[in-house]
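Some notes on the structure that comes next.
In what follows, every chain begins at residue 1, and chains take the letters A, B, ... in the order their sequences are listed. Being a predicted model, the structure only gives us computed values, none of them experimental.
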Amino acid sequence: MTLWFVFAMMTAAAIFAVVWPLGRKPRAEREGSEANVYKDQLAEVERDASVGLIGAPEADAARVEISRRLLGAADAERAPPAAARTGARRAVSVVALLGLPLLAVAFYLPLGSPRLPDFPLAERARTPSATEPLDNLVTKVEAHLEKNPTDARGWTVLAPVLARLGRFDDAVQAYRNALTYGPESAERRADLGETIASAAGGVITAEAKVEFERAVALDANEVKARYFLGLSAEQDGRPNDAATIWRAMLDKAPADAPWRPLVQSALARVTGAKMPAPPDEAVAAAQGMSEADRGAMIQVMVDRLATRLKQNGDDVEGWLRLMRAYMVMGDRDKAKGALAEARQALAGKTEQLKQLDAGLKNLGLDG
Amino acid sequence: MIAEAGHYALVLALGLALIQATVPVLGARLRDPALMNVARSAALAQLLFVGLSFTALVFLHVTSDFSVANVFENSHSMKPLLYKITGVWGNHEGSMLLWVSILALFGGLVAAFGNNLPLSLRAHVLAVQAWVATAFYLFILITSNPFLRLDDPPIEGRDLNPVLQDIGLAVHPPMLYLGYVGFSISFSFAIAALIEGRVDAAWARWVRPWTLVAWIFLTLGIAMGSYWAYYELGWGGWWFWDPVENASLMPWLAGTALLHSAVVMEKRNALKVWTILLSILTFSLSLLGTFLVRSGVLTSVHAFATDPTRGVFILLILCIFIGGSLSLYASRASSLKQGGLFAPISREGALVLNNLFLTTACATVFIGTLYPLALEVLTGDKISVGAPFFNLTFGPLFVPLLLAVPFGPLLAWKRGDLAGAAQRLIAAGVAALIAMALLWSFVHGGSTLAPLAIGLAVFVIAGAGVDLVERIGLFRNPLGIVWRRARGLPRSTWGTAFAHAGVGVALIGIVCETTWNSEYIGTMSAGQSAKLAGYELKLDGLQSRQGPNFRELLAQFTVTEAGRPIGVMNPSKRSFAARGSSTSEAALLTRGVSQLYVSLGEPAADGGIAVRIYHKPMVLLIWFGPLLMAFGGLLSLSDRRLRVGAPKPARQARGLQAAE
């Protein structure tokens with residue numbers, strides 16, 4: 001209500017400003033005129049002449065010229081005399097009285113938010129409420145950490161929340177800070193690795209793998225790290241290694257470990273379909289082959305892909321597939337060679353190079 | 001409530017502007033003094049309401065009310081108080097609000113202090129002022145409203161662009177806007193004169209102080225902007241011929257021409273039609289500058305806005321005002337009474353020459369700035385017109401102009417004596433020759449043109465001195481008389497001398513800086529040192545530090561000259577978390593008017609850091625020059641006495657000179 005009262009006062013003031021001059025009695029206005037300027041100019045010549053800034057003949061010439069202008073101005077000023085137009089004045093008053101508020105309201109209502117009170121920060125900080133959204137709390141903690149960047153506990157609290165909110169890159173940074181400023185622990189390393197993997201869309205990158213390996217080095221029984229190392233092996237196309245890792249975990253685990261079903265299902269997955277994703281017909285053909293035959297078939301497929309890419313190097317996806325295949329076969333050097341060839345073939349095509357770089361991040365080839 | 005009250009005040013200001021735009025014109029038609037006087041009270045009330053609105057926005061920024069979208073997007077609760085305030089105009093919406101506030105301020109000043117104007121002229125001037133204001137209120141309310149609210153206020157703001165978090169933001173935009181918008185007054189006077197169909201020497205007298213105020217602020221604003229770019233952007237450059245800079249230079253050139261042509265009009269009742277045109281052009285160029293900067297046509301530090309609707313709206317305003325005023329000019333100019341003719345060799349002739357060069361220079365800048373834009377619109381080709389174009393066109397135009405500058409004040413009105421003026425300038429010429437000879441014999445390296453340019457600058461400065469010496473009769477009269485004459489000399493004469501000398505001073509700075517600057521660029525690690533221009537800079541070390549809303553890497557350099565320590569420099573690199581961006585804070589060490597300049601680059605892997613060190617000889621003169629010019633303008637403004645062109649009787653001119 002106060003707000004509308006203030007609005008009303010302001011409107012009244014605005015209307016008053018328009019109506020006030022209309023209601024005043026006409027009195028002799030001290031109006032400026034050209035004649036005044038020329039009279040001033042004449043006085044100025046006198047002053048200059050008396051100080052000696054201009055000589056007498058020049059002063060005379062100046063006086064003549066200004067007088068001529070003065071006469072001209074006096075002629076021009078015989079304009080029609082001022083007239084009071086009551087009708088027009090009344091009309092303007094009405095326009096101001098009705099038009100101003102109408103226009104103001106018509107503009108303000110669609111644009112303004114009269115229901116919203118002010119929210120100065122100081123006032124809000126004093127009254128934290130239970131309904132305060134998580135985002136606000138996070139922002140507060142972030143502001144606190146901005147000022148005290150070495151508060152490891154703060155980072156430890158913040159990191160999982162950020163990860164939950166989907167801000168993976170920030171969460172990674174938070175975990176790193178927690179590790180930098182606080183004690184190192186296998187659990188935190190594993191969390192960091194998991195967040196890095198989440199940031200990469202679930203792919204265990206080389207960077208993530210390093211974290212898991214460190215976690216396991218700190219604590220050989222770190223469950224999360226070991227699970228993800230298995231997953232990493234699976235993604236690298238070493239299902240047997242993955243199975244070995246997970247089997248070892250299950251062997252040692254207590255029967256009621258909450259993560260048992262997860263690992264068991266993962267184990268079932270790798271022992272079922274062993275290759276990441278060969279084409280369907282190839283999978284069908286490979287079903288009945290021996291280990292050696294299958295290896296040979298893959299080799300042929302990879303060679304075919306390599307040959308095709310040599311002829312037509314535009315296919316970024318193809319290059320990535322080839323490199324992944326080499327990595328799976330454990331031939332890092334060949335993968336690097338393929339990368340060099342890909343860069344050569346794609347030289348100058350910014351868009352595709354970007355795509356290539358994005359793909360590389362997930363391959364772990366850069367490390 | 002503050003936010004909504006500010007919003008409502010802005011809407012009321014629009015309503016008042018609409019009334020101020022129509023009622024006084026009606027009043028002038030009907031010759032009703034009360035209706036004409038509505039202009040005055042409406043202008044003052046409009047100033048009050050825009051002032052309230054602006055104050056409200058400042059208050060919201062200071063209290064970090066993030067329920068206001070503008071505050072959320074451009075502020076941060078941890079920002080120091082100064083930047084919370086300056087951040088108000090560090091963004092598109094706020095800066096437009098500042099723009100109209102200054103427009104209302106000038107309108108209010110005319111209303112309050114325009115008692116010496118004829119009633120109908122004042123009514124028309126204020127009405128035209130209100131037309132401009134109305135257009136910009138609509139623009140703000142519809143496309144760039146700073147008072148829009150967020151239903152669910154976030155707890156923290158997005159912070160201000162770190163480059164703008166600097167004391168420069170407190171000074172540069174308000175100054176520049178006072179200049180830009182100040183020219184709206186001379187525009188309004190010109191349109192009012194066209195509407196009334198009457199323009200004469202008195203008009204020039206009335207419009208002069210307003211033009212002068214705008215010119216002073218624009219001069220300071222441009223100089224300040226240049227110095228800010230110099231120390232903040234980290235490249236050590238002070239003028240880039242960037243379209244945004246050109247946008248401010250164009251109204252300055254046109255405004256300078258306007259100042260000079262208004263003098264002719266005031267004293268000799270000539271050049272009337274031309275002066276009116278210059279008034280229109282100067283403000284049109286200011287509007288164009290606003291359009292270029294605010295529409296997002298150019299992407300630079302200044303373009304916070306890249307919203308096409310805004311661009312179209314401003315373009316519309318631009319078309320209406322420039323097109324409308326020029327059409328009015330075309331239809332009315334021929335009916336204005338022409339002034340008298342005059343001889344080419346005279347004070348007025350010299351001023352016409354000045355106008356010729358200044359407007360041509362303005363035109364070259366105009367072409368260089370807009371041609372690439374037009375080409376891009378028409379053909380899609382991106383070309384860049386850079387420093388070489390401007391140096392090649394601007395330089396040759398300014399050389400003859402500067403050569404002529406000392407002659408102007410020495411020529412008499414109506415009919416001057418060129419030989420006599422040249423004779424009196426011999427002393428200045430000799431000073432210039434000595435300066436050139438000294439430079440040639442003692443300074444090596446650099447362009448051969450540099451000593452010539454410095455000679456020219458010395459000529460301009462000495463010429464300004466000669467004018468004063470002549471007028472007060474120094475060396476010819478006893479000191480008592482000299483003192484009396486110096487005191488009696490109109491302030492505007494002193495102003496002219498200072499402003500002209502300022503041009504020379506700035507030229508010396510520009511030539512020295514561009515010719516003899518030296519730089520060292522390399523990677524340094526702690527303990528290493530670099531030698532440059534006789535100074536030795538040793539990197540003592542690097543340390544990290546926490547600022548209010550940023551973290552910074554601070555380097556410490558000890559500077560020694562010939563083994564003697566002369567100072568410590570602390571350049572830094574700041575990173576701002578809220579925007580995820582960083583700035584490089586250069587360190588400056590002033591030696592006389594020269595400066596050492598250190599800025600940091602990226603840290604290297606081995607613990608070193610990329611460093612750029614510049615030695616800039618005489619660089620401060622570049623900005624002392626404009627300060628002198630502005631000071632001259634201020635002196636001229638304080639001259640309460642009217643300037644009368646005393647025509648000299650042709651025959652007796654020389655004889656009188658001797659008798660003085």
Query raised in the report: Do you know the tightest heavy-atom contact between A/A88 and B/L30?
Result: CB-CD1, 3.7 Å
Query raised in the report: If you count heavy-atom pairs under 4.5 Å with chain A, which of B/V11, B/L121, B/L10, B/L148 comes out on top?
Result: B/V11
**Report entry** Contact summary for A/R69 and B/E266, nearest pair of heavy atoms
**Finding:** NH1-O, 3.5 Å
Query raised in the report: Which one, A/F16, A/F107, A/F7, leads in non-hydrogen pairs under 4.5 Å with chain B?
Result: A/F7
**Report entry** Separation of B/L150 CG from A/L116 CG (nearest 0.5 Å)
**Finding:** 9.0 Å
Query raised in the report: Roughly how far, to the nearest 0.5 Å, is the CG atom of B/L48 from the CE atom of A/M10?
Result: 8.5 Å
Query raised in the report: So which of B/T63, B/L60, B/L26 has the largest heavy-atom pair count under 4.5 angstrom toward chain A?
Result: B/T63
Report task. Can you measure from CH2 (A/W4) to CD (B/E4) and round to the nearest 0.5 angstrom? Result -> 9.0 Å
Report task. Would you mind telling me which of B/A201, B/S77, B/A42, B/A45 has the largest number of heavy-atom pairs within less than 4.5 Å of chain A? Result -> B/A201
Report summary line: Bottom line for A/P149: the part with an atom under 4.5 Å from chain B's heavy atoms is side chain
Report summary line: One option among B/Q46, B/R551, B/M78 has the most heavy-atom pairs under 4.5 Å with chain A, and it is B/M78
Query raised in the report: CZ of A/F168: more than 12 outside heavy atoms within 6.0 angstrom?
Result: yes
Report summary line: Heavy-atom nearest pair, B/S41 first then A/A17, reads OG-O, 2.5 Å
Query raised in the report: Is it the side chain or the backbone of A/V6 that comes within 4.5 Å of chain B heavy atoms, both, or neither?
Result: side chain
Report task. List the atom of B/L12, the atom of A/A104, and the distance in Å for their closest heavy-atom pair. Result -> CD2-CB, 3.9 Å
Requested in this report: Pull out the residues in residues 18-25 of chain B that come under 4.5 Å of chain A, heavy atom to heavy atom, sorted by number.
Outcome: B/L18, B/I19, B/V23
**Report entry** Distance (rounded to the nearest 0.5 Å) between A/D118 CG and B/R149 CZ
**Finding:** 5.5 Å
**Report entry** Gap between atom NE2 of B/H7 and atom CG of A/L111 - 0.5 Å precision
**Finding:** 4.5 Å
Requested in this report: With a 4.5 angstrom heavy-atom cut-off, could you sort out which part of A/A96 is near chain B: side chain, backbone, both or neither?
Outcome: both
Query raised in the report: Going by the angle between their ring planes, with limits at 30° and 60°, are B/Y8 and A/Y108 parallel, tilted or perpendicular?
Result: perpendicular
Query raised in the report: Given that the side chain runs from C-beta out, which part of B/A13 has a heavy atom under 4.5 Å from chain A: side chain, backbone, both or neither?
Result: neither
Query raised in the report: What part of B/M1 gets closer than 4.5 Å to chain A, counting heavy atoms only: side chain, backbone, both or neither?
Result: both
Requested in this report: Please report the closest heavy-atom contact between A/A14 and B/L16, naming both atoms and the distance.
Outcome: O-CD2, 3.7 Å
Report task. Can you measure from CG (B/L44) to CH2 (A/W20) and round to the nearest 0.5 angstrom? Result -> 9.0 Å
Report summary line: Note: B/K267 and A/E65 closest approach over all heavy atoms is O-OE2, 3.8 Å
